[in-house]
Amino acid sequence: MARAIKLLYFLLLCICSHALMLLENNNFTDEVALLSFKSMLSSGPSSLMASWNRSSHLCSWQGVICSHRHPERVIALHLNSFNLAGRISPALGNLSLLRELDLSNNQLTGEMPPELGQLIRLQVLNLSTNYLQGSIPATIGECSELTMLDLGYNKLQGEIPAQIGSLQKLATLHLNENDFGGEIPQSLAYLTSMESLSFLGNKLTGEIPHSLRNLTKLYHLNLGHNMLSGSFPSSLGMLSRLSRLSLGFNNFTGLIPTSIWNISSLTVLSLQNNMLSGVIPSNAFNTLPHLEHIYMDNNQFHGSIPASIANASNLLRLQLAYNPFSGIIPPDLGRLRNLSSLQFGFTLLEAKDPKEWGFISALTNCSNLQYLSLAESNFGGVLPDSLSNLSVSLEDLNLHDNAISGSIPKDIGNLVNLKGLLLYRNSFAGTLPSSLGRLEGLQLLYLDTNAISGSIISIGNLTELNYLTLGINAFSGMIPRTLGNLTKLLELRLSRNNLTGPIPSEIFNIRTLSYALDVSENNLEGPRPLEIGNLKNLEVFRADSNKLSGEIPLTLGQIPAFFGNISMLYDLNISFNSFVGAIPNFGIFANASAISIQGNGQLCGGTPDLHLPSCSSGLEKQRHTFPLIPIIVSVTATILIILLFCVFLSWRKSAIKLSNTISMQGSPVVSYIQLVRATDGFSERNLLGSGTFGTVFKGNIGNQDGQNTSPVAVKVLKLQTPGAVKSFAAECEALRHIRHRNLVKIITTCSSIDNRGNDFKAIVFDFMPNGSLEGWLHPDTNDQTEQKYIDLIQRVTILLDVAYALDYLHVHGSTPVVHCDIKSSNVLLDAAMVAHLGDFGLAKILVEGSSSFHQSMSTMGFRGTIGYAAPEYGAGNTVSTNGDIYSYGILVLETITGKRPTDSGFGQGLSLREYVDLGLQNRVMEVVDIRLSWDLENGLQTMNDSSYRRKIDCLVSLLRLGVSCSEETPSRRMPTGDIIRELEAIKERICGGKAGNEE
């Protein structure tokens, strides 16, 4: 017996010893797995992972969470937003007790390791917002305990694997913004625990499976921005817990099933940008008490708007624009006390008499109303005075492009928080109400193309105005000097009125005026004030068809090039006045195509292209009535040279002695000598281009072993240019924090000394063999090689790539970044014609959570490029993400029209945006790039009428997108997310449901 007890004791001892050994080995395995993961980070470990080494216990490593029951084992990795770059190690599959793996919001690349399927205890897997590629491994179906799987915002592709259907505990499945194609797998019907399902922004095709009705716990379904088609699935009406239903930006057709209107739990119904049609049932909203947001714009709904909509008593936003709705707006809307946004524009809705305008009086009950749009519809008659009683919260009132007559309501000044008032292209008459002067926060006032008369003196009180357009009316009297109080004005248009007297000099002291000053076609007289030289950022000045007299002021010319090109004027029209004397031959006057001077019979001189008579000695003598100007310029230039030289010497003395090279963290070191060799001594045959702050050369740099050279682009900074060092610092700082597939990748930097002992700075980028978008849109006609051409789908794809880059910079990067110089020459194309946004020399990094950056621009000058730069940048004090959107809008218009934004051939002195805006009124093909038009015409032989019509519609949508993005009021421009969704929908329509084959 004693012997048996001893034997049993010995066996127990062996078992315990073996268990301890296994536990010790598992601990060792966890440590090895984590160190393996760290070793595969391509650009070196993040500073947040400095604790990951064997000098400390793994359970103390940052982001590592160990078990309480097994204190030596890892159960969770929380490494989101660690700025990690590299591949995911397959060794993570050895963390056998792991329950949570969160690697979201990093810069991880490569494919998802199939070994992750070994994590059979895993409950949460979040790999969203990285750069992962490839497909989802089928082994993911082995993680049977998963409750949350988020792979959104990557570049994953292929079909969604059917094996996901075996994850029966899955409650959250998000695959947003990837490249998944194919149909939605039927196996998702087995995920009966599913609560949130979102495949937003992919390339899914086919119809929504009826079997999704089995997901009875689903409260959030988002399949927007895909290529789904077919009729609207009535089976979704069985999802009785559904709160958010988002199916916008697809190709759904037909009617909305009655069953949808019975989902009483709905809070968001998003169906915009489809091809849905039919009439909304009169009782549709009787059982939707929780509904807060309705997005049904851009479809083909018709008929009247049902009065039952008022039963959705919690409604905040109601968007029904861009549908052929007709009839009148039901006054029952006044019962929606929480309503903040009502968008009924671009419809066939109407109102002609006071009774039909009754809904305005009803809306006075909506105390939270902030946005009201009835633009481009069939509204006529006289606006009711009750408009003035709308909510004091109202910020935007948009009634443009209707047939509204009568006077503007006399008490409109009651809307004290109004920021945008758009009444242009109507038939308003009478005089401006005096109460208008109470709208002290008004930023945008568009009253052009009406029949309004009288004085404009009351406008001088609106000191927050950025845009004021009163053209094509019947205003009379003198231009009030009080307009000089509008110190934030960016655009002033007073053309085609009956204004008299001189142009007040106070207007030329509005330093912010940059977009346009148009006083043409009036009865103005007297000499032009010399103060016009104060408007150094002005792009367009028109004063033709008046009675102005005197000499052409020398101040209209640019300051000599030594001081830099700080004058932004590119359009000057002073025709049909009474100017006399000699025309200057410098500045804007050196470009004959940029000025219009006809109808001034006593002008002489100027450039030969103006074909004016030479000036007589008397006129030349007259020109010398300003003898001090050249003296002042020369003396000032000399003083500035001396000051700059002194500053330069001081800077050189105090500069820290740098080593031969300084590279970006984790990047290969490259020396000045290597760059000389790589570019053949910066030879002209390797020259790719030259800009304000740098010259770019093609080069070939080998790897660390000196083998396998690869082409690069080397940007050598022009350090003698003021602002170049700031540009270098800005570009390095911006690119240090960001990485995206649609941004030009920085390989390294070099800050060294050249062979003459001078400072040398350069940035080395990936080489883009297909050059810039500018080169494709505006090919060199002297180039004997095959002419470059990109078709419509390529242009849309490139615009999408740029939109993805901006979305990352503004929203999804570690810190928000404003590029500040979006233009076609900064959109570079790789071998596969994938677009990459480059040149961050003007970029600004914003404070997290902010959308703008306020500073004095005196050190960097005007931000951006003429024609692309947002008009508010002319004020020189605001950088914001909205500025990038404006430039992007101009880029869209340039890409579709094939015309540069500074093109002088738009006629009537129009800008590119105005030129397109006119073309959208039934003359679309006249503004579209002629090569695109030829392409479409030639394609008629191989496509049917519906395909042709679809592509024409897409061109219209693209032009409207560009116009929308380049709105003059920054707050009215589209955010990047909406731009992406719109472009993806357009691309889908162009491809006829085959967009996935275009990549």
Rounded distance (nearest 0.5 Å) linking atom [atom1] of [X] with atom [atom2] of [Y]:
X    : Y    : atom1 : atom2 : result
E984 : E177 : CD    : CD    : 5.5 Å
N105 : S81  : CG    : OG    : 3.5 Å
L961 : C954 : CG    : SG    : 12.0 Å
N250 : L271 : CG    : CG    : 10.0 Å
E100 : I75  : CD    : CD1   : 7.5 Å
L276 : L255 : CG    : CG    : 8.5 Å

Do [X] and [Y] make a side-chain contact, defined as non-hydrogen atoms from C-beta onward lying under 4.5 Å apart?
X    : Y    : result
L77  : L34  : yes
H302 : F325 : no
I798 : L829 : yes
R244 : Y219 : no
I896 : D929 : no
K987 : I793 : yes
N226 : F249 : no
T129 : N80  : no

Step-by-step side-chain hydrogen bond (donor to acceptor under 3.5 Å, both in side chains) determination, E142 to S144: CA-CA 5 Å; E142 302 297 321; S144 57; over 6 Å; no
For residues [X] and [Y], report the shortest heavy-atom separation together with the two atoms involved.
X    : Y    : answer
S198 : N176 : OG-OD1, 2.6 Å
G165 : Q168 : O-CG, 4.1 Å
N94  : A33  : CB-CB, 4.5 Å
L92  : L103 : CD1-CD1, 4.5 Å
H819 : D884 : N-OD2, 2.7 Å
L743 : L809 : CD1-CD2, 3.9 Å

Does the side chain of [X] pick up a donor-acceptor pair with the side chain of [Y] at under 3.5 Å?
X    : Y    : answer
T267 : E292 : no
H810 : T881 : no
S196 : H174 : yes
Q123 : T147 : no
S89  : S36  : yes
Q107 : T109 : no

Non-neighbouring partners of Y322 that pass ring pair (Phe, Tyr, Trp, His ring centres under 6.0 Å), sequence neighbours left out: F346
Residues in ring pair (Phe, Tyr, Trp, His ring centres under 6.0 Å) contact with Y888, at least two apart in sequence or another chain: none
Take atom [atom1] in [X]; do more than 12 heavy atoms of anything else shown fall under 6.0 Å from it?
X    : atom1 : value
R87  : CZ    : no
R99  : CZ    : no
M238 : CE    : no

Sole candidate of I979, T976, I980 that passes side-chain contact (heavy atoms from CB on, under 4.5 Å) when paired with L806: T976
Candidates L828, L891, D801, V802 - the one meeting side-chain contact (heavy atoms from CB on, under 4.5 Å) with L773: L891
Using atom types as modelled and distance alone, determine if a side-chain donor or acceptor of [X] lies under 3.5 Å from a backbone N or O of [Y].
X    : Y    : value
Q319 : D297 : no
R121 : S96  : yes
D830 : M768 : no
N274 : N299 : no
R795 : L792 : no
N154 : L156 : no
D978 : P975 : no
N298 : N273 : no
N106 : S104 : yes
N222 : L200 : no

Test side-chain hydrogen bond (donor to acceptor under 3.5 Å, both in side chains) applied to Y789 and D935, step by step: CA-CA 10 Å; Y789 172 69; D935 199 4; 2.8 Å; yes
Intermediate values then yes/no, side chain to side chain contact (heavy atoms under 4.5 Å, CB included), F301 and I256: CA-CA 10 Å; F301 296 115; I256 299 177; 3.7 Å; yes
salt_bridge(E145, K169) N-O dist < 4.0 Å: yes
Salt bridge present between K155 and D179 (N-O < 4.0 angstrom): yes
Chi angles and distances behind the side chain to side chain contact (heavy atoms under 4.5 Å, CB included) call for L236, I260: CA-CA 7 Å; L236 295 184; I260 298 298; 4.0 Å; yes
Derivation of the side chain to side chain contact (heavy atoms under 4.5 Å, CB included) call for V268 and I294: CA-CA 6 Å; V268 176; I294 299 177; over 6 Å; no
Aromatic ring proximity F285/W261, centre distance under 6.0 Å: yes
Side chain to side chain contact (heavy atoms under 4.5 Å, CB included) between L97 and V74, intermediate numbers included: CA-CA 6 Å; L97 294 187; V74 178; over 6 Å; no
